[in-house]
Q: 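Dropping the structure in here first, questions after.
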Amino acid sequence: MITSLREAVADHVHDGDTLALEGFTHLIPHAAGHEIIRQQRRNLHLVRMTPDMVYDQLIGAGCVTKLTFSWGGNPGVGSLQRFRDAVENQWPHPLEIEEHSHAGMATRYAAGAAGLPFGMLRGYVGTDLPKHTSTIKTVECPFTGEVLAAVPAINPDVGIIHAQRADRAGNVQIWGLLGVQKEAVLASKRSIVTVEEVVDELPAVPGAIVLPSWVLTAVCLVPGGAHPSFAMGFSVRDNAFYKAWDAISKDRDAFTTWIDKHVIGTADFAEYRESVGF
Amino acid sequence: MITSLREAVADHVHDGDTLALEGFTHLIPHAAGHEIIRQQRRNLHLVRMTPDMVYDQLIGAGCVTKLTFSWGGNPGVGSLQRFRDAVENQWPHPLEIEEHSHAGMATRYAAGAAGLPFGMLRGYVGTDLPKHTSTIKTVECPFTGEVLAAVPAINPDVGIIHAQRADRAGNVQIWGLLGVQKEAVLASKRSIVTVEEVVDELPAVPGAIVLPSWVLTAVCLVPGGAHPSFAMGFSVRDNAFYKAWDAISKDRDAFTTWIDKHVIGTADFAEYRESVGF
Amino acid sequence: MTEYTTDELMIVNAARHLGALAAADKSRCFVGIGLPSTAANLARRLYPIEPVLIYESGCIGSKPARLPLSIGDGELAETSDAVVSVPEIFAYWLQAGRIDIGFLSGAQLDKYANINSTVIGSYESPKTRLPGAGGAPEIAASAGAVMVIMRQSARAFVERCDFRTSIGFGDGKGDRERFGLRGGGPKWVITDLAVMEPDSATCELVVVALHPGVTREQVVAATGWALRFADEVATTAEPTENELGTLRSLQAA
Amino acid sequence: MTEYTTDELMIVNAARHLGALAAADKSRCFVGIGLPSTAANLARRLYPIEPVLIYESGCIGSKPARLPLSIGDGELAETSDAVVSVPEIFAYWLQAGRIDIGFLSGAQLDKYANINSTVIGSYESPKTRLPGAGGAPEIAASAGAVMVIMRQSARAFVERCDFRTSIGFGDGKGDRERFGLRGGGPKWVITDLAVMEPDSATCELVVVALHPGVTREQVVAATGWALRFADEVATTAEPTENELGTLRSLQAA
């Protein structure tokens, strides 16, 4: 249950898998993304509402052939340069995209968590998204005849999140902004959770939810594993790092040098922390 | 915003309304139900997953012409005698029933809270319920072709719940077993919440949710207003009272005498508490 | 040898199954109040690998020190790993297939383990109006397996239920598959006289074990259909001192 | 008179609208980060009836002491009346019609207030790949009214968007009704030069006010369609010392 991140990725993340590394600004599982780059996984289908720096890194490192998403940017900074380069110039190789709205993606995760084949919403109407995204259809209400947008459930092979805390049995506690992390884990066939700390007992925390160990595959102790995202109660968002990423990621060579040095060139997240110095 | 229960019922509960007094064993709004009996509302359509003693009282008192529900019993005791007498013998008058399963009712409330015309679930298959309940239909997944059960949203005229606490602005805090109370309130056109106490500030409580004042119509201070149900942190379930109800409710005269004396014969819930002595 | 009631007999036999299931990593139980809750809590105390108790009131991983008197007992919430809303417990937990064992009971059970907890007589003008479905239809549909615990009598164990509140095997083998049900359906019917299981060829319930001192004639007399017996009919072990002692201290707590 | 930036001008004018809307019990704002969040937080400090800030990250009733740098800023969760999951904020709050005012912006806006934040050029081989839809399509569909805050230029204010990420009035009057959209759509477009509103007869955006010192020619030159003006075109009031002082201390916090 509680294992190293290296083992968890080696055992549960395979080439060609569909992965959801979720996190809504808060609790983004950067360390897990780096370990996937280190272990050179390929042909991944990445799913996430808000792909940001860590997905930019996975895309630039050549791990990804498809991205399903609803907003791909560097919040408060601008573009995701590696994502743009892949879509605009097919570098390092072509990237297939499946594009939705936030509401649509949230509905898809919730349907996946609920064991339903699809979900529905009042969405997409009058936009150009349905013309380009085949996973947006319609369904008619059998009572009112209203037509609603229908989207298929998302059931990733592996759901990966970062959380504040686990107990020794592997029960995981999360608080603050919860995003779609619970749904991403419950919708996934396997799941990996990195945590800030492992404790004997989970103290009650206002606003906290608990994911019981029996719905999780692996729990890994990785302090700071969300950096430059944050874990409420443990760290704050490193906004300077997000700003700095823009320059690093704009240039292919600068990006490759950075990834080689700090991610591929480090043994684990602890070494990464030293090498980037936070 | 914060008003007396008498005013809240007088202003917001009308003859012929569809009402959901929700509570899942915990936090059942008995006081509000009594005030509706006191004010002699008629032709009500009552909705609830688990109609129990307070719905038995409303039915026996002649306030109700239709009941939409999924389980109508006295938990741990047995039958709801007034409910049975209404269905089996049309006393005090005929009762129309619309019968679902718990999962179906929960889905209906969630659809109502989400502004959707219907909800879907893997349910009812192979049962006789769809033969007798016209609000159970099917919908086909536009992606897989799977057929799922479809149920219409519930949007009551008034949602009524009991909660632990409100602040002076009318923000309501609920913890412990949450049931479908949030969905019942958000699905309703108007809502009334009775609370154990009104405080200056809502202290953070693990497992608590807050309903902001602006989604509520009226908040009423009614300590003990769930009795014989309970409010975690304030009271425990009065199981003896539930057991005693069986004998009181079995006999029409005994029931009528009890209602006349303790409910219609009392001015408010405080007097009711004295008259039944808890 | 200690005397015991038929309730105790049913509870102990149910707990034994739950202990064996938990040992086989089938430990997630969706329990109602009454005998199932008592049996699951007894199993938690008797066996090294504890069943995980999940209540439809939204409690996940409850570890009550005393038996809850209602499904909404405060003790359940206070001792749970997680408490979720009722819509969530049905959608994300039961419907999604996270439950290994569901429990059902009712006023009538037929030979294909369909259960009636809605009405005796006709639906429009019932002889007896029962509480209704509750969580039963979706427990029957989505739980990995279902355990029925029910007192046996010719009035209750009928050829065909007056109303099908929850499905067992419908009209026989293949119906669950035809209906596209994901759960496995009833696997054990534990009564005060015997233990029945669905015949692998027909899905009809057959007696696989008799409780100590119970004769085949007694069971046949207490069954409303032409009851069959498995080729090998076992006798269930007497409740042990430990089982009864643990159960009684649990109920006294 | 104090100098001010065009951002400050847009923020102050947006805040004035939010203050007036809150006074009319239209106080629930679904805000993103950037100018809308700044305008809403400024209005909270300037007006007696405060807008209620709701962030798509799940924060309801946030009262941040300083401006959040990201939509997931810890400050938002810590100062909220309630924090809910992302599926819930979109389903139970936005879709259900509990939001009075939504904010949108983008790379392109057309004369019917449709917005593009997806691609410049063709979708298959874009000249510029933009971040995409995020919450915009459903904000545009379900918010009671939409406020657009966007810098004006002929490149951005176009006859027709390369891609419709969120709908304003589609191809003109009646489209929103045809689509069965429940929200009211764009009511104000606040730019660094002017304020536009949809013409009641055609739903085409027309200039209703110019900012101080801005000429009609400047606005026409900064618009990619044949821009019309309302019969009466007002001039917005200069940002006051109080408005600017409050905004700057907010931004300095």
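Below, read A as the first sequence line, B as the second, and so on, with proteins coming before strands; counting in each chain starts at 1.
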Q: Please determine, among A153(B), A150(B), C141(B), the option with the most heavy-atom pairs under 4.5 Å with chain A.
A: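 Max contact count across the listed options: C141(B).
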Q: About how many Å separate OG1 of T65(A) and CD1 of I59(A), when rounded to the nearest 0.5 Å?
A: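 Nearest 0.5 Å value for the CD1-OG1 distance: 10.5 Å.
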Q: A side-chain contact here means heavy atoms from C-beta on lying under 4.5 Å apart; do T135(B) and T68(B) qualify?
A: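 They are not in side-chain contact.
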Q: Relative to each other, are the rings of F69(B) and F83(B) parallel, tilted or perpendicular (30° and 60° limits)?
A: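 It falls in the perpendicular class, over 60°.
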Q: Mind ranking V139(A), I209(A), V151(A) by heavy-atom pairs under 4.5 Å with chain B and telling me who comes out on top?
A: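 Heavy-atom pairs under 4.5 Å are most numerous for V151(A).
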Q: Among T138(A), T144(A), L148(A), single out the residue with the greatest number of heavy-atom pairs under 4.5 Å to chain B.
A: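 Most heavy-atom pairs under 4.5 Å with chain B: L148(A).
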Q: Could you name the residues of residues 99-123 of chain B that have a heavy atom within less than 4.5 Å of a heavy atom in chain A?
A: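 So the qualifying residues are G115(B), L116(B), P117(B), F118(B), G119(B), M120(B), L121(B), R122(B).
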Q: Indicate yes or no: does D200(B) engage R168(B) in a salt bridge with an N to O separation below 4.0 Å.
A: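 Result for this pair is yes, salt bridge flagged.
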Q: Should Q181(A) and H162(A) be marked as a side-chain hydrogen bond (donor to acceptor under 3.5 Å, both in side chains) after you check the CA-CA gap, both sets of side-chain angles, and the distance that decides it?
A: CA-CA 9 Å; Q181(A) 279 94 310; H162(A) 185 74; over 6 Å; no
Q: Chain B heavy atoms under 4.5 Å from V205(A): which part of the residue, side chain, backbone, both or neither?
A: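 The answer is the backbone of V205(A).
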Q: Salt bridge check, D17(A) against R41(A): does any charged N sit closer than 4.0 Å to a carboxylate O?
A: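 No salt bridge links R41(A) with D17(A).
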Q: Kindly give the heavy-atom pair with the smallest separation between K137(B) and P142(A), and that separation in Å.
A: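 Heavy-atom minimum between the residues: NZ-O, 3.3 Å.
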Q: Is it the backbone or the side chain of A204(A) that comes under 4.5 Å from a heavy atom of chain B, or both, or neither?
A: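 Answer is both: backbone and side chain atoms of A204(A) are under 4.5 Å from chain B.
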Q: To the nearest 0.5 angstrom, please state how far the OH atom of Y124(A) sits from the CG atom of L129(A).
A: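 The OH atom of Y124(A) sits 7.0 Å away from the CG atom of L129(A).
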